[in-house]
Engineer: 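The structure that follows is given in the form of structure tokens.
Lettering of chains follows the sequences in order, A, B, ..., and the numbering in each one begins at 1.
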2 protein chains.
Amino acid sequence: MSCEELLLARLRARGLRLTPQRELVLAALHHLEGAATAEEIYARVHAVSASVDISTVYRTLELFQEFQLVSSFDPGDGKRRYEHLGVEAPHHHLVCRVCGQVIPISHGDVRPLAAYLAETYGFVVDEGDLTISGLCAPCHAAQTNAAVPSDSMTPDYQTQQVET
Amino acid sequence: MSCEELLLARLRARGLRLTPQRELVLAALHHLEGAATAEEIYARVHAVSASVDISTVYRTLELFQEFQLVSSFDPGDGKRRYEHLGVEAPHHHLVCRVCGQVIPISHGDVRPLAAYLAETYGFVVDEGDLTISGLCAPCHAAQTNAAVPSDSMTPDYQTQQVET
DNA sequence: TTTGCTCTTGCAACTGATTGCAACTGCAAG
DNA sequence: CTTGCAGTTGCAATCAGTTGCAAGAGCAAA
């Protein structure tokens, strides 16, 4: 089942409609691989149809999150990132507090903690959207050496490949 | 060492000053036990000295976080909560996606995951500020029963006692 | 005391994101 | 076709939070 068909099915199941705006947001997500800001998604949508409002983009992204078509995470720079979950399973993110690098990790990595929390507190951890703040390896090394390698200081939110 | 003395020492160590504004924010944090919003803290500070600006409160809270006097977390309702860490050790929070209840957990609970992430990715997890989204026990039970108990629907961000 | 420096602050403007609302759309029933 | 209605949208207002900047305050050296 293609992504559009999946969306259509999810919408129909709740009596919602497949509108041009929603198609445009989905297309933008397809094109913008990896983690994109709402502003970036809006820019792509707006380029095709200038009348679409950014509030519609936000509402659509929220809807897509309910449908598990999209996950989002906040890397702590005040700009939430949205990721298309077409093929990838829901996953979590390690975000470096210093350089902003994002490392995706699978839910499997978090499962032992989730099991512990379920047993101890009866708390069921969501499979998506867990963002763990800390220091990536280069920044941690740099911090302990009190010297920061210059090539790790540029924030970029490109996601790495993760072995699953 | 009292809390004010600790703050003074931390400030001095970095050549910063103990101002009335900073004392007022600290006092407000003392008074507002548990998790308070910036607005609530500002309200208390403003009641004592009306000329203090909310931007000063935000900047002060950020400074206190650097000093580990305060930790903050985002329960997902768009209003960040700030907690005084006077006696408590840094800890994490489980936030229920449905009712908004916040359950504090110790860093010890997260340590196995942190150790795994350090080993696998070289990523060093921060001791504070990890917020885990999911469903609390009542809401999870309600969801599987497709019926929500009425007494668990009111969001409150009072923190429970946690056994450490 | 005067000078010069840094830290600190209030103010205003701004950002990313959300919300209320009236207008519009698609669609099914009469 | 007309009516009714739920769903949807663009617009404007609003919200929490951040930032730039100029003025002010503290403090040490001359």
Side-chain angles (χ1 to χ4, degrees), chain A residues 7-26 28 35-46 48-67 70-82 100 129 131 155 157, chain B residues 7-26 28 35-43 45-46 48-67 70 72-82 100 129 131 155 157:
Chain A
L7 173 59
L8 185 57
R10 298 269 170 86
L11 287 166
R12 286 279 163 78
R14 278 190 27 193
L16 306 181
R17 302 182 195 140
L18 181 58
T19 63
Q21 289 89 338
R22 287 173 181 164
E23 287 184 292
L24 286 172
V25 171
L26 185 60
T37 63
E39 209 69 36
E40 288 164 350
I41 295 163
Y42 171 65
R44 279 205 76 80
V45 171
H46 192 80
V48 180
S49 176
S51 72
V52 178
D53 195 76
I54 193 158
S55 67
T56 302
V57 173
Y58 278 111
R59 282 186 278 227
T60 304
L61 287 170
E62 197 185 337
L63 189 66
F64 286 3
Q65 284 184 268
E66 277 182 54
F67 290 162
V70 161
S71 80
S72 77
F73 63 97
D74 182 0
D77 65 347
K79 291 177 197 168
R80 182 161 280 271
R81 299 309 197 280
Y82 298 87
D129 300 4
T131 303
Y157 293 99
Chain B
L7 172 59
L8 185 58
R10 298 268 169 87
L11 287 166
R12 286 278 163 79
R14 281 193 21 197
L16 305 180
R17 301 180 197 141
L18 181 58
T19 63
Q21 288 89 337
R22 288 173 180 164
E23 288 184 292
L24 285 172
V25 171
L26 184 61
T37 63
E39 208 69 36
E40 288 165 351
I41 295 162
Y42 171 65
V45 171
H46 192 81
V48 179
S49 177
S51 73
V52 179
D53 195 75
I54 193 158
S55 66
T56 302
V57 172
Y58 277 111
R59 281 187 279 230
T60 303
L61 286 170
E62 196 186 338
L63 189 68
F64 286 3
Q65 282 184 270
E66 278 182 52
F67 290 162
V70 161
S72 77
F73 63 96
D74 182 359
D77 65 346
K79 290 177 197 169
R80 183 161 279 272
R81 299 310 198 278
Y82 299 86
D129 301 3
T131 304
Y157 292 99

Engineer: Send over the distance from Leu24(A) CG to dT9(D) P, rounded to a whole Å.
Structural biologist: 10 Å

Engineer: What is the separation between atom CD on Glu40(A) and atom C1' on dT15(C), rounded to the nearest whole Å?
Structural biologist: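 Roughly 15 Å, once rounded to whole Å.
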
Engineer: Quick one: Glu66(A) CD to dG7(D) P, roughly how many Å, whole number?
Structural biologist: 13 Å

Engineer: Working to the nearest 0.5 angstrom, can you tell me the gap between Leu7(A) CG and Glu23(A) CD?
Structural biologist: 8.0 Å

Engineer: Just do the side-chain contact (heavy atoms from CB on, under 4.5 Å) check on Gln65(A) and Thr60(A) with the steps written out, would you?
Structural biologist: CA-CA 9 Å; Gln65(A) 284 184 268; Thr60(A) 304; over 6 Å; no

Engineer: What is the per-nucleotide protein-contact pattern of nucleotides 24-30 of chain D, from the 5' end, where B denotes a base atom under 4.0 Å from a protein heavy atom, S denotes such proximity for sugar-phosphate atoms only, and - denotes neither?
Structural biologist: -BB----

Engineer: May I have the distance from Leu7(B) (atom CG) to dT8(C) (atom P), rounded to whole angstrom?
Structural biologist: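 So the two atoms are 11 Å apart, to the nearest Å.
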
Engineer: Carefully, step by step, assess Val25(A) and Tyr42(A) under the rule side-chain contact (heavy atoms from CB on, under 4.5 Å).
Structural biologist: CA-CA 8 Å; Val25(A) 171; Tyr42(A) 171 65; over 6 Å; no

Engineer: In Å, rounded to the nearest 0.5 Å, how long is the span from OH of Tyr82(B) to CD of Glu62(B)?
Structural biologist: 8.5 Å

Engineer: Determine, for Arg10(B) against Glu66(B), whether the closest basic-nitrogen to carboxylate-oxygen distance falls under 4.0 angstrom.
Structural biologist: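 Salt bridge between Arg10(B) and Glu66(B), a charged N being under 4.0 Å from a carboxylate O: no.
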
Engineer: Can you measure Leu16(A) atom CG to dG26(C) atom C1' for me and round it to whole angstrom units?
Structural biologist: 13 Å

Engineer: What protein N or O atoms touch nucleotides 17-19 of chain C N or O atoms at under 3.5 angstrom, if any, and at what distances?
Structural biologist:
| unit_1 | atom_1 | unit_2 | atom_2 | d |
| --- | --- | --- | --- | --- |
| dA17(C) | OP1 | Arg80(A) | N | 2.7 |
| dA17(C) | OP2 | Tyr58(A) | OH | 2.5 |
| dA17(C) | O5' | Tyr58(A) | OH | 3.0 |

Engineer: Rounded to the nearest Å, what distance is computed from the CZ atom of residue Arg14(B) to the C1' atom of nucleotide dC7(C)?
Structural biologist: 12 Å

Engineer: Between Thr56(B) and Gly15(B), who's closer to the 5' end of DNA chain C by nearest nucleotide?
Structural biologist: Gly15(B)

Engineer: Calculate, to the nearest 0.5 Å, the distance between atoms CG and CD belonging to Leu26(B) and Gln21(B) respectively.
Structural biologist: 13.5 Å

Engineer: Indicate the atoms forming the closest heavy-atom contact of Val45(A) with Leu24(A), along with that distance.
Structural biologist: CG2-O, 3.7 Å

Engineer: If I take atom CZ in residue Phe64(A) and atom P in nucleotide dT8(D), what distance separates them, rounded to the nearest angstrom?
Structural biologist: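 That distance rounds to 11 Å.
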
Engineer: How many angstroms lie between atom OG1 of Thr37(A) and atom CD1 of Ile41(A), to the nearest 0.5 angstrom?
Structural biologist: 6.5 Å

Engineer: Rounded off to whole Å, could you give me the CD-to-C1' distance for the Gln21(A) and dA23(C) pair?
Structural biologist: 14 Å

Engineer: Looking at every heavy atom in both Val57(A) and Ala38(A), which two are closest together, and how far apart are they?
Structural biologist: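 Taking Val57(A) first and Ala38(A) second, the nearest heavy atoms are CG1-O, 4.2 Å.
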
